[in-house]
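Heavy-atom basis, side chains included; hydrogens, waters and symmetry copies ignored. Start at 1 and go down the list; that is how both ligands and their atoms are numbered. No experiment lies behind these values; they were computed from the predicted model shown.
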Amino acid sequence: MGYCKAMKVRFAPSPTGKLHVGNIRTALLNYLFCRANAGHFLLRIDDTDFVRSTAEFEIGIREDLTWLGLNWDSIEYQSKRNAIYDKAAADLKAKGLLYPCYETSEELDRKRRIQSSLGRPPIYDRASLALTDAERAEHEAAGNLPHWRFKLSGARIVWQDLVRGEQSVDTGSMSDPVLIRADGAYLYTLPSVVDDVDLSITHVVRGEDHVTNSGAQIEIFEAISGARPEFGHFPLLVGAQGEALSKRLGSMSIESLRDEDIAPMAILSLLAKLGTSDSVEAHSKIEDLVASFSFDKIGRAPARFNPDDVYRLDAQLLHKAEYAEVAPKLAAIDADLGEAFWNLIKGNLHKLSDAKIWAGVISGPIEPIIEDAEFAAAAAKLLPEGEFDENSWKAFTEAVKAETGKKGRELFMPLRKALTAQEHGPDMASMFVFIGRYKAVARLRGERI
Ligand code: GLU
């Protein structure tokens, strides 16, 4: 892809809650697109809502992105940019494109109800635009504070969407959007456009819930700068059955996945490929996701999100992980018994913390499971002498088989249960070496060790 201007994208979360998988997908698609095109990734904190935005959520956003490895090249806070919005608003007012409105919310409600009872779409009737200077002065004299609406052109706005192909929005079928509330606060629409212009954003990549909004924003872009960025709107995440992402899934916060020790690449591998023509598989490096990214691969159907897939990919990543990658984490949970141990157990793990189970089996103490004490006691007497090596298990089980006549499951299962207190697990020949003769004897005798 060739872009004449250096590419710059933004991820623009509002710090009014924790980031969840849906937000992260937006961040990730921006990130991948940007890195695939040697662009700049801006983190824009949309903290214009002073009441709902908190420093804690803002810190959480940065922590989550950092943990996931979605590094930003620069950061901006909307709360620090009011003067820039004031200037843009003044320019729009001077151009007659931002006009004061005095309707109360009750009046607007009433108008909407009348329109719908007449079967008409609930579009703002521009009554305030028609006010005379004298009527406006009257409102002001009465202390009525205006909110401000952007005057849409009523034209059909057309753009070539990076995901959806040609798109058009008829701004004649929309209400003029309110940009400034009566208390002077800016709503999302204007600051977003002003920042995209002022910070030289070349591509706005976001969910398709913004398509209509983009129609109005394109008019504001052109009013402010005479130009517009490119747009890409991707289908939203839905639940596994196609249902709207429920509260539970929506609240699948990145923080909770981090607390569960899920590998960031499990989350990113899934979110990058959901709803695309590529298969979903575990990638260990984000560079792989960058290299295979293309908007052309994103389908038009909603992307189905199933939390089980995160755990499945996390397990797949564990199964391929090298010892050096996981050693610090193993040490942190007291389950670092060296590289040979890791290579032995990794295929049996669902999550990293399961390593503790196997470290515990080796180090003890465990409560051996013995259903046939006579068989176990006979086996104890047949343990090979000296230090066990990789051939010891075979020699041992052959001896037990010869002595007791048991074979197959009847032979192996009681031994595994006595030696590990588990029904399944890593290869017994290797476990046997790790457990060692001393513990093996005791466990076959039913001792807790
Ligand atoms: N803060 C806005 C949101 O979270 C940003 C939308 C956009 O990307 O323009 O919806």
Side-chain angles (χ1 to χ4, degrees), residues 7-34 39-55 57-58 60-62 64-65 70 72 74-82 84-85 88 150 157 159 161-164 167 169 174 177-181 185-222 224-225 228-237 244-245 250-251 253-254 271 295 298:
M7 175 188 289
K8 191 168 178 186
V9 301
R10 83 300 196 277
F11 171 51
S14 305
T16 53
K18 289 179 184 173
L19 292 184
H20 53 70
V21 288
N23 306 126
I24 288 303
R25 180 151 163 273
T26 304
L28 178 62
L29 294 180
N30 273 285
Y31 179 92
L32 296 177
F33 177 53
C34 165
H40 180 110
F41 183 56
L42 164 71
L43 172 58
R44 189 183 85 198
I45 304 293
D46 282 6
D47 52 356
T48 46
D49 183 339
F50 293 113
V51 180
R52 291 171 59 227
S53 300
T54 72
F57 286 136
E58 188 268 318
I61 289 170
R62 286 186 287 120
D64 287 346
L65 292 175
L70 300 179
W72 56 94
S74 61
I75 185 165
E76 296 286 348
Y77 295 83
Q78 289 198 321
S79 56
K80 297 182 185 158
R81 297 173 55 80
N82 240 46
I84 301 170
Y85 310 142
F150 179 78
I157 303 296
W159 74 92
D161 196 277
L162 294 162
V163 180
R164 297 162 64 90
Q167 289 295 293
V169 168
M174 298 163 65
V178 176
L179 301 190
I180 309 174
R181 288 195 319 217
Y186 290 103
L187 291 167
Y188 148 79
T189 312
L190 181 66
S192 183
V193 172
V194 171
D195 285 343
D196 287 343
V197 171
D198 190 58
L199 301 168
S200 309
I201 296 302
T202 57
H203 295 76
V204 172
V205 176
R206 56 192 179 187
E208 64 185 13
D209 50 335
H210 280 286
V211 168
T212 312
N213 182 25
S214 290
Q217 284 192 327
I218 285 174
E219 290 209 351
I220 304 175
F221 269 110
E222 295 188 338
I224 288 179
S225 71
R228 58 166 97 162
E230 303 267 339
F231 286 87
H233 296 89
F234 49 83
L236 298 179
L237 284 188
L245 210 58
S251 70
S253 71
I254 297 306
L271 293 178
F295 278 122
I298 300 181

_Return the closest protein heavy atom for atom 4 (O) of ligand 1 as residue, atom name and distance._
Ala12 O, 3.6 Å
*ligand 1 and Tyr188, any nitrogen or oxygen pair closer than 3.5 angstrom?*
yes
_Does this structure show an ion pair linking Arg44 with Asp196, if we count only N-O contacts that are shorter than 4.0 Å?_
yes
*May I ask you to check if ligand 1 and Val204 share an N or O to N or O distance below 3.5 Å?*
no
*Going by atom types alone, do Gln78 and Tyr186 pair a side-chain donor with an acceptor below 3.5 Å?*
no
*Give the numbers and elements of all ligand 1 atoms closer than 4.0 Å to a heavy atom of Ser192.*
9 (O)
*If you have a sec, work out which protein heavy atom is nearest atom 8 (O) of ligand 1 and how many Å separate them, to one decimal?*
Arg10 NH1, 2.7 Å
*What about the rings of Phe295 and Phe33, do their centers lie closer together than 6.0 Å?*
yes
*Heavy atom of the protein closest to atom 10 (O) of ligand 1 (residue, atom name, distance)*: His210 NE2, 3.4 Å
*State the atoms of ligand 1, each with its element, that fall below the 4.0 Å cut-off from a heavy-atom position in Asp46.*
1 (N), 2 (C), 5 (C)
*Within-4.5 Å side-chain heavy-atom neighbours: Ile24 and Leu65*: yes
*asked:* Any heavy-atom pair between the side chains of Asn30 and Phe41 that's under 4.5 Å?
replied: yes
_Determine whether a donor-acceptor pair (N or O, by modelled atom type, separation under 3.5 Å) exists between the side chain of Asp161 and the backbone of His233._
yes
*Going by the order shown, which atoms of ligand 1 are within less than 4.0 Å of some heavy atom of Arg206?*
7 (C), 8 (O), 9 (O)
